[in-house]
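Below you'll find the structure, written out as structure tokens, and then a few comments.
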Amino acid sequence: MAEELFSGLNPAQRRAVEAISGPVLVLAGPGSGKTRVLTHRIAYLIREGIDPYSILAVTFTNKAAREMKERLSVLVNPADAHALTVGTFHSLCARFLRREITHLGRERDFVIYDSDDQERLMRRVIRELNLDEKKNPARAIHARISSAKNELVSSSEFPRLNYADEIAARCYERYQNLLRESNALDFDDLLVELVHIFELFPNVLEWYQNRYQYLLVDEYQDTNKVQYTLVRQLAGEQRNLFAVGDEDQSVYAFRGADIRNIRQFEQDYSDSQVILLEQNYRSTQAILDTAQALIAGGGKKKHVKKLWTKNGVGMQVSLHEGYDQDEEASFVADEITRLVASGDYSYGGCAVMYRINAQSRALEEALNRRRVPYQIVGGTRFYERKEIKDVLAYLRLTFNPYDSVSLGRVLNWPGRGIGERSESELLRWAAELGVLTFQALRELESDTPTPFTARSKSTLLSFLALIDQFIAARAELPLTNLIDLILARLDVREALVKDYDAEEAEERWMNVQELRNVAAKYVNLPIEGQLSTYLEEIALVSEVDKVDGKADAVTCITLHQAKGLEYPAVFLVGLEEGLLPHSRSSDDPEKVEEERRLLYVGMTRARQRLYLCYAFRRLSFGRVSLSTPTRFLADIPKELIKQPKKRSAAATSPQASMFSGRGGYGGAPPRSPASTGPRPQRPVAPTEVSFVSGQPVHHATFGKGVVLSSRLVDGDEEVTVSFADKERKLLASFARLEKLA
DNA sequence: CCATTATGTTTTTTT
DNA sequence: AACATAATGG
């Protein structure tokens with residue numbers, strides 16, 4: 001019976017599936033079938049008679065949770081699959097808190113603040129405390145507080161060693177108070193408050209420990225202190241904890257993830273079994289060898305895995321240099337077109353990965369030009385778009401009128417004549433009365449004397465009437481109708497047309513419509529539950545959750561988000577100093593190692609083909625700078641990589657230094673032209689342009705072209721030439737342009 | 001109070 | 001380069 005569950009599992013996987021009780025740590029290399037192990041283990045537990053109701057699985061994304069349930073509904077009976085508790089730390093905590101937060105004297109109908117809300121609230125705190133917003137950016141202060149929360153450090157425990165600490169500590173305190181008043185929790189609170197409840201109310205913890213006898217935690221290497229604590233609490237005495245992870249794929253230290261959690265598992269949980277999954281089912285040996293060479297270049301490891309595969313050697317990994325980010329993107333787009341034309345690959349089988357979202361722009365343009373279908377994951381997230389957040393703010397106020405961030409957001413949106421003065425006067429007056437902003441609005445309905453002009457007062461009252469209307473409608477109307485009512489009463493479309501040009505207004509209006517479409521999925525729930533479920537799920541969806549695996553489109557995605565995904569063909573772009581490792585990480589050896597792991601994650605996403613790309617120069621921040629290939633390339637033996645074609649004179653300079661020890665550690669990120677050393681042909685910077693518009697030229701690679709313009713830039717001459725295929729910008733000192741008659 | 005202009009800021013990475 | 005907020009003037 002259970003035998004079919006084991007068919008197709010290798011001995012190590014099988015051991016992991018069968019180890020039912022006690023702590024188990026599975027160290028799973030990339031592509032080693034860990035998802036399979038997780039699902040089969042759950043199925044095995046159920047078939048062994050364990051109640052699915054007592055199984056709790058923590059995944060890294062909502063998408064992974066959904067997929068796990070789907071796979072299980074095939075392996076076990078669907079009712080059993082349904083009884084499982086599966087989710088991310090954040091969504092599970094939110095779910096538990098809806099039940100338990102009353103223990104802390106708080107209301108169940110809290111709203112969840114996303115990073116934008118959090119920053120707005122912090123800005124308000126900083127203003128309230130009369131701090132200089134320049135010297136104390138809300139973002140920076142909030143970041144400090146967020147990491148404190150991740151470390152389970154409360155505002156009273158926050159260190160006050162210097163003036164900056166003192167400021168942060170005071171902001172922390174006020175920030176928490178405002179959150180509480182607004183009946184809101186930020187992302188971090190979702191975890192922290194649950195830990196508090198478990199600490200303060202042992203009987204509550206006991207209930208959860210009894211219910212969840214079997215815990216499974218994926219991506220254990222990316223847990224932070226709060227998450228680690230939660231797991232410890234839930235694991236209790238029983239310690240039926242099954243943790244899966246890979247320290248080589250730990251890339252979230254910046255949000256508090258602590259690699260020590262996985263390294264110390266064996267000390268934390270005595271008698272634990274450790275199982276290594278080393279056989280890779282995803283990639284070719286060529287790709288694995290390259291990735292392993294890279295990761296071996298890093299520091300010492302607790303457990304060294306030796307990845308191998310039966311997939312065969314496969315194609316050699318190739319390296320490509322582009323002239324700039326546009327040419328790099330063009331190369332990627334051309335190569336994808338070629339792969340698809342060959343019939344061996346589909347658009348959906350290709351992915352382009354990069355370090356920062358801003359890199360997606362050049363790709364988008366190149367793909368657009370070639371009519372290659374693509375989807376960009378992340379960037380400005382859908383639910384962070386202004387028009388979306390504005391409409392959502394009304395929904396959130398309808399759900400919880402004390403939500404002060406939402407109130408501040410839409411008090412004057414769409415513009416109704418409540419300016420800065422009326423708003424600050426309202427805040428001041430509320431503070432004077434000692435009530436919340438919303439209660440102050442309510443106060444306007446009585447005969448209490450107010451500090452407002454008759455005009456302001458009536459505007460504020462009509463705003464209040466609007467919200468009241470929505471609150472009343474919520475009890476009667478299905479969610480979609482409620483949204484329609486809001487959109488109509490506010491005349492959102494008109495407001496968008498007023499703020500933007502026709503095209504953009506239409507696009508934003510479509511976004512708003514999309515919000516409504518999503519809401520349609522919730523109308524089958526009882527009316528009371530529709531809005532709350534909708535708001536909660538919206539607050540916790542991530543961009544990867546929305547990746548459409550079925551669409552036949554190229555996926556453009558950050559390296560962080562790509563973790564856990566796989567594609568037949570993968571292009572890694574921008575493999576340059578300053579970008580990977582990112583300049584903000586290159587001063588700290590530990591951060592540099594994290595960047596190395598990020599590259600490792602990217603490489604191991606590839607099944608058959610892996611392309612490594614970098615550009616010779618790059619436009620960042622509106623300025624051009626020359627770049628050096630990433631130091632990590634120096635750790636990969638030359639013979640593992642198919643060297644780039646010499647595509648122009650420009651290619652030789654950075655390329656030559658690549659594997660020769662130069663470009664190694666300590667190199668300053670993007671070199672300034674001055675530090676590049678003597679140039680081969682042109683030791684002296686030009687003082688005037690030598691190419692004029694209309695001059696016919698010849699280039700070794702691009703052939704004949706005509707000069708469109710030329711200008712002096714950074715001590716060199718940048719010539720814009722129209723070639724047969726496209727327009728290119730070339731540096732005269734490198735391009736060896738030949739003037740034709 | 002609002003529209004226009006000027007200035008400044010941004011780019012890590014995410015729930 | 002693109003976007004957001006601040007300053008300025010109507």
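These numbers come from the heavy atoms of this one structure, side chains and all, not from hydrogens, waters or symmetry mates. Every chain is numbered from 1, with letters handed out A, B, ... down the list of sequences.
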Cation-pi, F463(A) ring and R416(A) (6.0 angstrom, 45 degrees): no
Pairwise 5' ranking along DNA chain B for S115(A) and R455(A), keeping only the more 5' one: R455(A)
Euclidean distance, atom CG of residue N150(A) to atom C1' of dT15(B) [Å, nearest integer]: 10 Å
Residue R361(A), side-chain heavy atoms: nucleotide from dA2(C), dT5(C), dT15(B) that is nearest: dA2(C)
Spacing of R623(A) atom CZ relative to dA2(C) atom P, expressed in whole Å: 16 Å
Nucleotide of dT14(B), dT15(B), dT11(B) approaching A358(A) most closely (side-chain heavy atoms): dT11(B)
Proximal nucleotide (of dA6(C), dC1(B), dT13(B)) relative to the R127(A) side chain: dA6(C)
F110(A) six-ring centre to R98(A) NZ/CZ under 6.0 Å and within 45° of normal: yes
For DNA chain B, the residues among residues 133-140 of chain A that have a non-hydrogen atom under 4.0 Å from it: K134(A), R139(A)
Sugar-phosphate only, base, or nothing, as touched by S422(A) at under 4.0 Å among non-hydrogen atoms: sugar-phosphate
Short side-chain to backbone donor-acceptor contact, R596(A) and L294(A), under 3.5 Å: yes
Nearest-nucleotide pick for R255(A), side chain only, options being dC1(B), dT13(B), dT15(B): dT15(B)
Sugar-phosphate only, base, or nothing, as touched by N357(A) at under 4.0 Å among non-hydrogen atoms: sugar-phosphate
Centroid-centroid distance, H582(A) to F254(A), less than 6.0 Å: no
For atom NE2 of H582(A) and atom C1' of dT10(B), their distance in whole Å: 11 Å
Touch class at under 4.0 angstrom, heavy-atom based, for F60(A) against every strand present: nothing
Nucleotide dT11(B), atom P - distance to CG of L580(A) in whole Å: 19 Å
Gap between atoms CD and P, on E423(A) and dC2(B) respectively (whole Å): 12 Å
Gap in Å between the two P atoms, one belonging to dA4(C) and one to dT13(B), rounded: 16 Å
Interatomic distance where CZ belongs to F452(A) and P belongs to dC1(B) [whole Å]: 11 Å
OP1 or OP2 of dT14(B) under 4.0 Å from side-chain N/O of T558(A): yes
K563(A) NZ/CZ over F60(A) ring centroid, <6.0 Å and within 45° of normal: yes
Nearest listed nucleotide, side chain of F187(A), among dT13(B), dT15(B), dA3(B): dT15(B)
Crowding at CD, E590(A) (>12 non-hydrogen neighbours, <6.0 Å): no
Rounded C1' spacing from dA6(C) to dT11(B) in Å: 22 Å
Separation of dT15(B) P from Q561(A) CD (nearest whole Å): 6 Å
Flag, side chain of E151(A) to backbone of K225(A), donor-acceptor distance under 3.5 Å: no
Pi-cation contact, Y252(A) with R255(A) (under 6.0 Å, within 45°): yes
Residue whose closest nucleotide on DNA chain B lies nearer the 5' end, K591(A) versus G415(A): G415(A)
Y252(A)-dT14(B) aromatic stacking (under 5.5 Å, under 30°): no
Whole-Å gap separating P (dA1(C)) and CD1 (I356(A)): 16 Å
